[in-house]
Amino acid sequence: MDKIKMSTPLVEMDGDEMTRILWQLIKDELLFPFIELNTEYYDLGLEHRNETNDQVTVDSAEATKKYGVAVKCATITPNAARMTEYNLKEMWKSPNGTIRAMLDGTVFRAPIVVKGIEPCVRNWKKPITIARHAYGDVYKNVEMKIPAAGKCELVYTAEDGTETREVIHNFTGSGVIQGQHNIDASIESFARSCFTYALDTNQDLWFATKDTISKKYDHNFKDIFQEIFEKEFEGKFKEAGITYFYTLIDDAVARVMKAEGGFIWACKNYDGDVMSDMVSSAFGSLAMMTSVLVSPQGYYEYEAAHGTVQRHYYKHLKGEETSTNSVATIFAWTGALRKRGELDNNQKLSDFADKLEKACVQTIEEGKMTKDLALITTLENPTVLNSEGFIKAIRETLEKML
(Lines give C-alpha, C1' and ligand atoms only; values in the text may rest on other atoms or scores of the structure.)
Protein backbone atom coordinates (compact mmCIF):
# COMPACT_ATOMS: atom_id res chain seq x y z
CA MET A 1 0.00 0.00 0.00
CA ASP A 2 1.09 3.58 -0.61
CA LYS A 3 2.28 5.49 2.40
CA ILE A 4 -0.10 8.14 3.77
CA LYS A 5 1.16 11.65 3.07
CA MET A 6 1.07 14.57 5.51
CA SER A 7 0.74 18.16 4.28
CA THR A 8 1.50 19.89 7.60
CA PRO A 9 4.14 18.78 10.09
CA LEU A 10 3.51 17.65 13.63
CA VAL A 11 5.72 19.13 16.32
CA GLU A 12 7.67 16.15 17.68
CA MET A 13 9.15 16.48 21.17
CA ASP A 14 11.53 13.62 21.99
CA GLY A 15 12.18 12.68 25.61
CA ASP A 16 14.20 10.67 28.07
CA GLU A 17 15.20 7.20 29.23
CA MET A 18 13.01 4.17 28.48
CA THR A 19 10.26 6.19 26.85
CA ARG A 20 12.85 7.58 24.42
CA ILE A 21 13.72 3.99 23.43
CA LEU A 22 10.02 3.20 22.94
CA TRP A 23 9.55 6.44 20.98
CA GLN A 24 12.01 5.28 18.31
CA LEU A 25 10.59 1.74 18.23
CA ILE A 26 7.08 3.10 17.71
CA LYS A 27 8.25 5.24 14.80
CA ASP A 28 10.23 2.40 13.23
CA GLU A 29 7.57 -0.30 13.59
CA LEU A 30 4.20 1.47 13.61
CA LEU A 31 4.59 4.78 11.78
CA PHE A 32 7.38 4.85 9.17
CA PRO A 33 6.13 1.74 7.31
CA PHE A 34 2.69 3.31 6.79
CA ILE A 35 3.10 7.12 6.84
CA GLU A 36 5.43 9.60 5.20
CA LEU A 37 5.90 11.05 8.65
CA ASN A 38 6.27 14.84 8.56
CA THR A 39 7.48 16.30 11.86
CA GLU A 40 9.42 19.28 13.12
CA TYR A 41 11.74 17.61 15.63
CA TYR A 42 12.80 18.97 19.03
CA ASP A 43 15.04 17.01 21.38
CA LEU A 44 13.71 17.56 24.89
CA GLY A 45 16.04 14.96 26.37
CA LEU A 46 17.58 16.32 29.56
CA GLU A 47 21.10 16.50 28.13
CA HIS A 48 19.98 18.65 25.20
CA ARG A 49 17.83 20.84 27.42
CA ASN A 50 20.94 21.40 29.53
CA GLU A 51 23.06 22.22 26.46
CA THR A 52 20.52 24.80 25.24
CA ASN A 53 19.78 26.25 28.70
CA ASP A 54 16.25 24.88 28.22
CA GLN A 55 15.68 27.09 25.16
CA VAL A 56 14.70 23.99 23.18
CA THR A 57 11.62 23.58 25.40
CA VAL A 58 10.52 27.15 24.69
CA ASP A 59 11.17 26.66 20.97
CA SER A 60 9.04 23.50 20.90
CA ALA A 61 6.11 25.34 22.51
CA GLU A 62 6.43 28.19 20.00
CA ALA A 63 6.43 25.62 17.18
CA THR A 64 3.23 24.13 18.61
CA LYS A 65 1.61 27.57 18.35
CA LYS A 66 2.76 27.72 14.72
CA TYR A 67 1.58 24.26 13.59
CA GLY A 68 -1.25 23.65 16.06
CA VAL A 69 -0.52 20.01 16.97
CA ALA A 70 2.34 18.45 18.94
CA VAL A 71 3.24 15.01 20.25
CA LYS A 72 5.52 14.71 23.26
CA CYS A 73 7.56 11.91 24.80
CA ALA A 74 7.91 11.66 28.59
CA THR A 75 10.72 13.81 30.00
CA ILE A 76 12.75 14.06 33.22
CA THR A 77 12.05 16.87 35.66
CA PRO A 78 15.40 16.98 37.46
CA ASN A 79 15.89 16.79 41.22
CA ALA A 80 19.15 16.94 43.19
CA ALA A 81 20.12 13.39 42.22
CA ARG A 82 19.58 14.16 38.53
CA MET A 83 21.73 17.27 38.86
CA THR A 84 24.67 15.03 39.70
CA GLU A 85 23.77 12.19 37.33
CA TYR A 86 23.51 14.46 34.27
CA ASN A 87 26.02 17.12 35.39
CA LEU A 88 23.40 19.85 34.94
CA LYS A 89 24.08 23.59 34.92
CA GLU A 90 20.95 24.11 37.03
CA MET A 91 17.85 22.25 38.17
CA TRP A 92 15.74 22.92 35.09
CA LYS A 93 11.99 23.34 35.49
CA SER A 94 9.47 20.74 34.36
CA PRO A 95 9.28 20.92 30.55
CA ASN A 96 5.59 20.04 30.80
CA GLY A 97 5.12 23.00 33.15
CA THR A 98 6.93 25.34 30.74
CA ILE A 99 4.94 24.15 27.71
CA ARG A 100 1.62 24.25 29.55
CA ALA A 101 2.29 27.76 30.79
CA MET A 102 3.08 28.95 27.26
CA LEU A 103 0.08 27.22 25.63
CA ASP A 104 -2.42 27.70 28.51
CA GLY A 105 -5.53 25.54 28.39
CA THR A 106 -6.36 22.30 30.14
CA VAL A 107 -4.93 18.77 30.23
CA PHE A 108 -7.61 16.09 29.73
CA ARG A 109 -6.63 12.58 30.80
CA ALA A 110 -8.78 9.48 30.41
CA PRO A 111 -8.02 5.77 30.92
CA ILE A 112 -7.79 3.41 27.94
CA VAL A 113 -10.36 0.73 28.72
CA VAL A 114 -9.57 -2.81 27.57
CA LYS A 115 -11.50 -6.05 28.14
CA GLY A 116 -9.60 -8.29 30.52
CA ILE A 117 -8.05 -5.39 32.43
CA GLU A 118 -10.61 -4.72 35.16
CA PRO A 119 -10.45 -1.62 37.39
CA CYS A 120 -9.21 -2.14 40.94
CA VAL A 121 -12.27 -0.21 42.11
CA ARG A 122 -14.95 -2.76 41.29
CA ASN A 123 -17.80 -0.27 40.86
CA TRP A 124 -15.95 1.73 38.16
CA LYS A 125 -17.76 0.80 34.95
CA LYS A 126 -16.95 3.80 32.74
CA PRO A 127 -13.80 5.91 32.20
CA ILE A 128 -13.16 8.83 34.57
CA THR A 129 -11.66 11.81 32.74
CA ILE A 130 -9.35 14.07 34.73
CA ALA A 131 -9.32 17.71 33.58
CA ARG A 132 -6.10 19.20 34.91
CA HIS A 133 -5.43 22.92 34.94
CA ALA A 134 -2.20 23.50 33.04
CA TYR A 135 -0.84 26.72 34.51
CA GLY A 136 0.78 27.92 37.70
CA ASP A 137 0.52 26.78 41.32
CA VAL A 138 3.44 24.58 42.43
CA TYR A 139 4.72 24.25 38.83
CA LYS A 140 5.54 27.96 38.64
CA ASN A 141 6.51 28.36 42.28
CA VAL A 142 9.34 30.35 43.84
CA GLU A 143 11.09 28.70 46.77
CA MET A 144 13.56 29.85 49.42
CA LYS A 145 15.41 28.12 52.24
CA ILE A 146 15.21 30.17 55.41
CA PRO A 147 18.58 29.94 57.21
CA ALA A 148 17.62 31.39 60.59
CA ALA A 149 15.06 33.39 62.58
CA GLY A 150 13.30 36.21 60.71
CA LYS A 151 10.02 37.42 59.24
CA CYS A 152 8.66 36.36 55.83
CA GLU A 153 5.97 38.42 54.10
CA LEU A 154 3.93 38.43 50.93
CA VAL A 155 4.30 41.88 49.35
CA TYR A 156 2.19 43.25 46.49
CA THR A 157 3.46 46.50 44.99
CA ALA A 158 0.85 48.21 42.81
CA GLU A 159 1.84 50.22 39.73
CA ASP A 160 1.38 53.43 41.70
CA GLY A 161 3.92 52.18 44.27
CA THR A 162 1.50 51.40 47.10
CA GLU A 163 2.16 48.19 48.99
CA THR A 164 -0.03 45.51 50.52
CA ARG A 165 1.65 43.15 52.97
CA GLU A 166 0.70 39.88 54.58
CA VAL A 167 2.90 38.13 57.13
CA ILE A 168 3.49 34.50 56.14
CA HIS A 169 5.45 33.40 59.18
CA ASN A 170 7.73 34.67 61.89
CA PHE A 171 10.52 32.11 61.83
CA THR A 172 12.27 31.34 65.12
CA GLY A 173 14.75 29.07 63.33
CA SER A 174 15.54 27.64 59.92
CA GLY A 175 12.85 26.40 57.51
CA VAL A 176 11.55 26.68 53.95
CA ILE A 177 9.08 28.94 52.15
CA GLN A 178 7.24 28.67 48.86
CA GLY A 179 5.34 31.22 46.79
CA GLN A 180 2.63 30.16 44.31
CA HIS A 181 0.49 32.16 41.94
CA ASN A 182 -2.22 31.87 39.33
CA ILE A 183 -3.97 34.38 37.08
CA ASP A 184 -7.67 34.90 36.52
CA ALA A 185 -7.33 34.73 32.72
CA SER A 186 -5.89 31.21 32.92
CA ILE A 187 -8.48 30.05 35.45
CA GLU A 188 -11.21 31.40 33.16
CA SER A 189 -9.72 29.47 30.22
CA PHE A 190 -9.59 26.36 32.40
CA ALA A 191 -13.24 26.73 33.36
CA ARG A 192 -14.44 27.31 29.79
CA SER A 193 -12.37 24.37 28.51
CA CYS A 194 -13.92 22.08 31.13
CA PHE A 195 -17.51 23.21 30.47
CA THR A 196 -17.03 22.95 26.70
CA TYR A 197 -15.43 19.49 26.94
CA ALA A 198 -18.27 18.30 29.18
CA LEU A 199 -20.79 19.42 26.56
CA ASP A 200 -18.77 17.92 23.70
CA THR A 201 -18.55 14.52 25.43
CA ASN A 202 -21.97 14.74 27.16
CA GLN A 203 -20.55 14.04 30.63
CA ASP A 204 -21.23 15.51 34.05
CA LEU A 205 -18.52 17.83 35.37
CA TRP A 206 -17.15 17.90 38.91
CA PHE A 207 -14.77 20.56 40.19
CA ALA A 208 -12.95 20.28 43.51
CA THR A 209 -10.49 22.42 45.50
CA LYS A 210 -9.97 23.13 49.22
CA ASP A 211 -11.60 26.55 49.61
CA THR A 212 -12.41 25.95 53.29
CA ILE A 213 -8.67 26.14 54.04
CA SER A 214 -7.48 28.28 51.13
CA LYS A 215 -10.14 30.96 51.55
CA LYS A 216 -8.71 33.33 48.92
CA TYR A 217 -6.56 31.27 46.51
CA ASP A 218 -8.78 28.20 46.05
CA HIS A 219 -11.95 30.21 46.61
CA ASN A 220 -11.00 32.33 43.60
CA PHE A 221 -11.06 29.19 41.43
CA LYS A 222 -14.46 28.23 42.83
CA ASP A 223 -15.93 31.70 42.24
CA ILE A 224 -14.66 31.96 38.66
CA PHE A 225 -16.05 28.53 37.77
CA GLN A 226 -19.43 29.38 39.26
CA GLU A 227 -19.66 32.79 37.57
CA ILE A 228 -18.78 31.43 34.12
CA PHE A 229 -21.14 28.48 34.54
CA GLU A 230 -24.08 30.68 35.48
CA LYS A 231 -23.42 33.26 32.75
CA GLU A 232 -22.44 31.04 29.83
CA PHE A 233 -23.17 27.36 30.37
CA GLU A 234 -26.02 26.68 32.80
CA GLY A 235 -28.71 26.67 30.11
CA LYS A 236 -26.61 24.53 27.76
CA PHE A 237 -25.96 21.99 30.52
CA LYS A 238 -29.67 21.79 31.33
CA GLU A 239 -30.52 21.30 27.66
CA ALA A 240 -27.89 18.54 27.37
CA GLY A 241 -29.14 16.83 30.53
CA ILE A 242 -25.77 17.01 32.29
CA THR A 243 -24.79 18.60 35.60
CA TYR A 244 -21.99 20.67 37.10
CA PHE A 245 -21.23 20.76 40.78
CA TYR A 246 -18.46 21.95 43.08
CA THR A 247 -17.22 20.06 46.12
CA LEU A 248 -14.16 19.92 48.37
CA ILE A 249 -11.25 17.84 47.09
CA ASP A 250 -11.45 15.38 50.00
CA ASP A 251 -15.19 14.91 49.40
CA ALA A 252 -14.51 14.40 45.68
CA VAL A 253 -11.98 11.66 46.45
CA ALA A 254 -14.53 9.85 48.64
CA ARG A 255 -17.28 10.22 46.00
CA VAL A 256 -15.02 9.03 43.18
CA MET A 257 -14.27 5.78 44.98
CA LYS A 258 -18.00 5.00 45.18
CA ALA A 259 -19.00 6.26 41.71
CA GLU A 260 -19.32 4.18 38.53
CA GLY A 261 -17.40 6.69 36.38
CA GLY A 262 -18.48 8.33 33.17
CA PHE A 263 -17.79 11.92 34.28
CA ILE A 264 -15.12 14.62 34.12
CA TRP A 265 -13.29 15.53 37.32
CA ALA A 266 -11.72 18.99 37.07
CA CYS A 267 -8.71 19.58 39.32
CA LYS A 268 -6.13 22.25 39.97
CA ASN A 269 -2.68 21.60 38.56
CA TYR A 270 -1.10 19.45 41.30
CA ASP A 271 -4.34 17.69 42.24
CA GLY A 272 -4.80 16.71 38.60
CA ASP A 273 -1.24 15.41 38.42
CA VAL A 274 -1.76 13.11 41.41
CA MET A 275 -5.35 12.06 40.73
CA SER A 276 -4.71 11.18 37.09
CA ASP A 277 -1.98 8.79 38.26
CA MET A 278 -4.36 7.28 40.78
CA VAL A 279 -7.16 6.86 38.22
CA SER A 280 -4.89 5.40 35.54
CA SER A 281 -3.29 2.95 38.00
CA ALA A 282 -6.67 1.87 39.33
CA PHE A 283 -7.94 1.31 35.78
CA GLY A 284 -4.94 -0.90 35.06
CA SER A 285 -1.67 0.89 34.48
CA LEU A 286 -0.07 4.32 34.27
CA ALA A 287 0.68 3.35 30.67
CA MET A 288 -3.05 3.00 29.92
CA MET A 289 -4.10 6.66 29.94
CA THR A 290 -4.45 9.28 27.23
CA SER A 291 -3.37 12.87 27.85
CA VAL A 292 -3.96 15.95 25.73
CA LEU A 293 -3.37 19.63 26.44
CA VAL A 294 -6.09 21.72 24.78
CA SER A 295 -5.54 25.47 24.64
CA PRO A 296 -8.26 28.10 24.10
CA GLN A 297 -6.44 29.16 20.91
CA GLY A 298 -6.86 25.69 19.41
CA TYR A 299 -3.39 24.23 20.08
CA TYR A 300 -3.17 20.53 20.93
CA GLU A 301 -0.28 18.74 22.63
CA TYR A 302 -0.57 14.97 23.08
CA GLU A 303 1.62 13.04 25.51
CA ALA A 304 1.82 9.95 27.69
CA ALA A 305 0.56 10.62 31.21
CA HIS A 306 3.42 8.73 32.88
CA GLY A 307 7.12 9.26 33.48
CA THR A 308 10.27 8.05 31.74
CA VAL A 309 10.27 4.54 33.31
CA GLN A 310 13.72 5.05 34.85
CA ARG A 311 14.01 1.58 36.40
CA HIS A 312 13.44 -0.16 33.06
CA TYR A 313 15.93 2.15 31.37
CA TYR A 314 18.69 1.17 33.77
CA LYS A 315 17.90 -2.50 33.04
CA HIS A 316 18.02 -1.73 29.31
CA LEU A 317 21.45 -0.10 29.71
CA LYS A 318 22.72 -3.31 31.34
CA GLY A 319 21.48 -5.31 28.37
CA GLU A 320 18.66 -6.88 30.38
CA GLU A 321 15.25 -7.51 28.84
CA THR A 322 12.41 -5.14 29.71
CA SER A 323 8.65 -5.44 29.32
CA THR A 324 7.61 -1.79 29.17
CA ASN A 325 4.04 -0.86 28.26
CA SER A 326 4.06 1.54 25.29
CA VAL A 327 0.28 1.99 24.88
CA ALA A 328 0.04 5.54 26.28
CA THR A 329 2.95 6.67 24.10
CA ILE A 330 1.36 5.07 21.03
CA PHE A 331 -1.94 6.80 21.87
CA ALA A 332 -0.09 10.12 22.13
CA TRP A 333 1.00 9.61 18.51
CA THR A 334 -2.44 8.47 17.37
CA GLY A 335 -4.14 11.42 19.09
CA ALA A 336 -1.79 13.87 17.38
CA LEU A 337 -2.06 12.16 13.99
CA ARG A 338 -5.86 12.09 14.21
CA LYS A 339 -6.03 15.77 15.11
CA ARG A 340 -3.55 16.62 12.33
CA GLY A 341 -5.78 14.69 9.94
CA GLU A 342 -8.89 16.52 11.14
CA LEU A 343 -7.30 19.96 10.80
CA ASP A 344 -5.85 19.16 7.35
CA ASN A 345 -8.95 17.30 6.06
CA ASN A 346 -6.70 14.25 5.68
CA GLN A 347 -9.17 11.44 6.33
CA LYS A 348 -6.63 8.71 5.57
CA LEU A 349 -4.40 9.95 8.37
CA SER A 350 -7.26 10.09 10.88
CA ASP A 351 -8.46 6.62 9.84
CA PHE A 352 -4.95 5.23 10.30
CA ALA A 353 -4.81 6.65 13.84
CA ASP A 354 -8.14 4.96 14.64
CA LYS A 355 -6.91 1.62 13.31
CA LEU A 356 -3.62 1.80 15.22
CA GLU A 357 -5.55 2.37 18.47
CA LYS A 358 -7.85 -0.55 17.69
CA ALA A 359 -4.79 -2.69 16.95
CA CYS A 360 -3.36 -1.87 20.40
CA VAL A 361 -6.59 -2.80 22.16
CA GLN A 362 -7.16 -5.92 20.07
CA THR A 363 -3.60 -7.17 20.68
CA ILE A 364 -4.12 -6.95 24.45
CA GLU A 365 -7.60 -8.49 24.30
CA GLU A 366 -6.10 -11.41 22.36
CA GLY A 367 -3.86 -12.04 25.37
CA LYS A 368 -0.61 -10.50 24.11
CA MET A 369 0.62 -7.86 26.55
CA THR A 370 3.44 -6.46 28.66
CA LYS A 371 4.19 -7.69 32.18
CA ASP A 372 2.35 -4.86 34.00
CA LEU A 373 -0.92 -5.92 32.37
CA ALA A 374 -0.26 -9.66 32.57
CA LEU A 375 -0.02 -9.33 36.37
CA ILE A 376 -3.55 -7.94 36.61
CA THR A 377 -5.46 -9.34 33.62
CA THR A 378 -8.50 -11.58 34.04
CA LEU A 379 -7.65 -13.26 30.72
CA GLU A 380 -6.30 -16.77 31.14
CA ASN A 381 -2.71 -17.64 30.18
CA PRO A 382 -1.64 -14.29 28.74
CA THR A 383 1.48 -14.11 26.59
CA VAL A 384 3.99 -11.79 28.25
CA LEU A 385 5.99 -9.88 25.65
CA ASN A 386 9.08 -7.74 26.01
CA SER A 387 9.05 -4.06 25.07
CA GLU A 388 9.95 -4.60 21.41
CA GLY A 389 7.91 -7.79 21.06
CA PHE A 390 4.73 -6.04 22.19
CA ILE A 391 5.16 -3.26 19.61
CA LYS A 392 5.84 -5.86 16.90
CA ALA A 393 2.70 -7.78 17.94
CA ILE A 394 0.69 -4.57 17.52
CA ARG A 395 2.22 -4.14 14.07
CA GLU A 396 1.09 -7.65 13.09
CA THR A 397 -2.45 -6.86 14.22
CA LEU A 398 -2.38 -3.52 12.40
CA GLU A 399 -1.14 -5.05 9.14
CA LYS A 400 -4.09 -7.50 9.18
CA MET A 401 -6.48 -4.56 9.62
CA LEU A 402 -4.89 -2.61 6.78
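All values derive from a computational prediction rather than experimental measurement.
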Glu47, CD atom: more than 12 neighbouring heavy atoms under 6.0 Å: no
SB check Asp218 Lys222 (cutoff 4.0 Å): no
Exercise: do Thr308 and Thr19 side chains pair donor with acceptor under 3.5 Å: no
Contact check, side chains of Ser281 and Phe283, non-hydrogen atoms, under 4.5 Å: no
Mutual orientation of the aromatic rings belonging to Tyr139 and Tyr270 [parallel < 30°, tilted 30-60°, perpendicular > 60°]: tilted
Side-chain donor-acceptor pair present, Tyr67, Glu40, cut-off under 3.5 Å: yes
Test log, rule side chain to side chain donor-acceptor pair (under 3.5 Å), inputs Asp14 and Tyr41: CA-CA 8 Å; Asp14 209 344; Tyr41 179 85; 2.7 Å; yes
Closest approach of Ala240 to Asn202 (non-hydrogen atoms, all atoms of both residues): O-OD1, 3.4 Å
Atom pair CD (Glu118) and CD1 (Ile376), whose distance is rounded to the nearest 0.5 Å: 9.5 Å
Test item: Lys3 side-chain N/O and Phe32 main-chain N/O as donor-acceptor pair under 3.5 Å: yes
Salt bridge present between Lys115 and Glu366 (N-O < 4.0 angstrom): no
Donor-acceptor pair between Thr98 and Thr57 side chains, under 3.5 angstrom: no
Separation between OH of Tyr246 and CZ of Phe221, rounded to the nearest 0.5 Å: 10.5 Å
Side-chain H-bond candidate by donor/acceptor type, His312 with Thr324, under 3.5 Å: yes
Side-chain ion pair, Lys215 and Asp211, N-O less than 4.0 Å: no
Sub-4.5 Å side-chain heavy-atom contact between Ile228 and Glu188: yes
Sidechain N-carboxylate O distance under 4.0 Å for Glu12, Lys27: yes
Donor-acceptor under 3.5 Å (Thr363 side chain, Ala359 main chain): yes
Distance-only donor-acceptor check, side chains Thr162 and Asp160, under 3.5 Å: yes
Side-chain H-bond candidate by donor/acceptor type, Tyr135 with Asn182, under 3.5 Å: no
Where Leu37 and Leu31 come nearest, the two heavy atoms and their spacing: CD2-CD1, 4.3 Å
Aromatic plane relationship, Tyr244 with Phe225 - under 30° parallel, 30 to 60° tilted, over 60° perpendicular: parallel
Centroid separation Phe34 to Phe352 less than 6.0 Å: yes
Ion pair check, Asp354 and Arg338, cut-off under 4.0 Å: yes
Pair Arg165 + Glu153, salt bridge at N-O below 4.0 Å: yes
Crowding at CE, Met91 (>12 non-hydrogen neighbours, <6.0 Å): yes
Pairing of Lys400 and Glu396 as salt bridge, 4.0 angstrom limit: no
Residue pair Ser323 / Asp372, side-chain heavy-atom distance below 4.5 Å: no
Residue Glu166 excluded, over 12 heavy atoms near CD under 6.0 Å: no
Test item: side-chain donor near acceptor, Asn123 and Glu260, under 3.5 Å: no
Asn53 versus Lys89, side-chain donor and acceptor atoms under 3.5 Å: yes
Full working for side chain to side chain donor-acceptor pair (under 3.5 Å) between Asn386 and Glu321: CA-CA 7 Å; Asn386 64 24; Glu321 188 173 272; 3.2 Å; yes
CA sep, side-chain torsions, deciding dist, call: Glu29, Arg395, salt bridge (Lys or Arg N to Asp or Glu O under 4.0 Å): CA-CA 7 Å; Glu29 293 289 337; Arg395 177 174 175 173; 3.1 Å; yes
Test log, rule side chain to side chain donor-acceptor pair (under 3.5 Å), inputs Glu357 and Thr334: CA-CA 7 Å; Glu357 288 184 1; Thr334 55; 2.7 Å; yes
Contact summary for Thr201 and Gln203, nearest pair of heavy atoms: OG1-NE2, 3.0 Å
Carboxylate-amine/guanidinium proximity below 4.0 Å for Glu303 and Arg109: yes
Cationic N near anionic O, under 4.0 Å, Glu227 to Lys231: yes
His133 and Phe207 aromatic centres sub-6.0 Å: no
NZ/NE/NH1/NH2 to OD/OE distance under 4.0 Å, Arg49 and Asp43: no
Cys73 side chain near Asp16 side chain, heavy-atom distance below 4.5 Å: no
Gln310 and Glu17 side chains, donor-acceptor separation under 3.5 Å: no
Whether Lys368 side chain and Glu365 backbone form a donor-acceptor pair below 3.5 Å: no
Heavy-atom closest pair, residues Leu379 and Ile364: CD1-O, 3.5 Å
Test item: side-chain donor near acceptor, Thr64 and Glu301, under 3.5 Å: no
Derivation of the side chain to side chain donor-acceptor pair (under 3.5 Å) call for Asp104 and Ser186: CA-CA 7 Å; Asp104 201 5; Ser186 183; 2.9 Å; yes
Whether Thr247 side chain and Ala252 backbone form a donor-acceptor pair below 3.5 Å: no
Donor on one side chain, acceptor on other, Thr8 and Asp344, under 3.5 Å: yes
Option from Tyr197, Tyr300, Phe190 for which ring-ring contact (aromatic ring centres under 6.0 Å, His included) with Phe108 holds: Tyr197
Heavy-atom donor-acceptor pair, Asp204 side chain to Thr243 backbone, under 3.5 Å: yes
Derivation and outcome, side chain to side chain contact (heavy atoms under 4.5 Å, CB included), residues Leu10 and Asn38: CA-CA 6 Å; Leu10 283 176; Asn38 183 5; over 6 Å; no
Within 6.0 Å of CD in Gln178, more than 12 heavy atoms from elsewhere: yes
Check: Thr377 side chain, Gly116 main-chain N or O, donor-acceptor pair, under 3.5 Å: yes
Cationic tip of Lys72 above Tyr302 ring, under 6.0 Å, 45° of axis: no
Minimal non-hydrogen separation, Ile76 against Pro95, with atom names: O-CD, 4.0 Å
Plane angle bin for Trp206 and Phe263 - parallel if under 30°, tilted between 30 and 60°, otherwise perpendicular: parallel
Side-chain ion pair, Glu239 and Lys236, N-O less than 4.0 Å: no
Check: Asn269/Arg132 side-chain N/O donor and acceptor closer than 3.5 Å: yes
Parallel, tilted or perpendicular: rings of Tyr313 and His316 (30°, 60°): parallel
Contact summary for Thr106 and Ser193, nearest pair of heavy atoms: OG1-CB, 3.4 Å
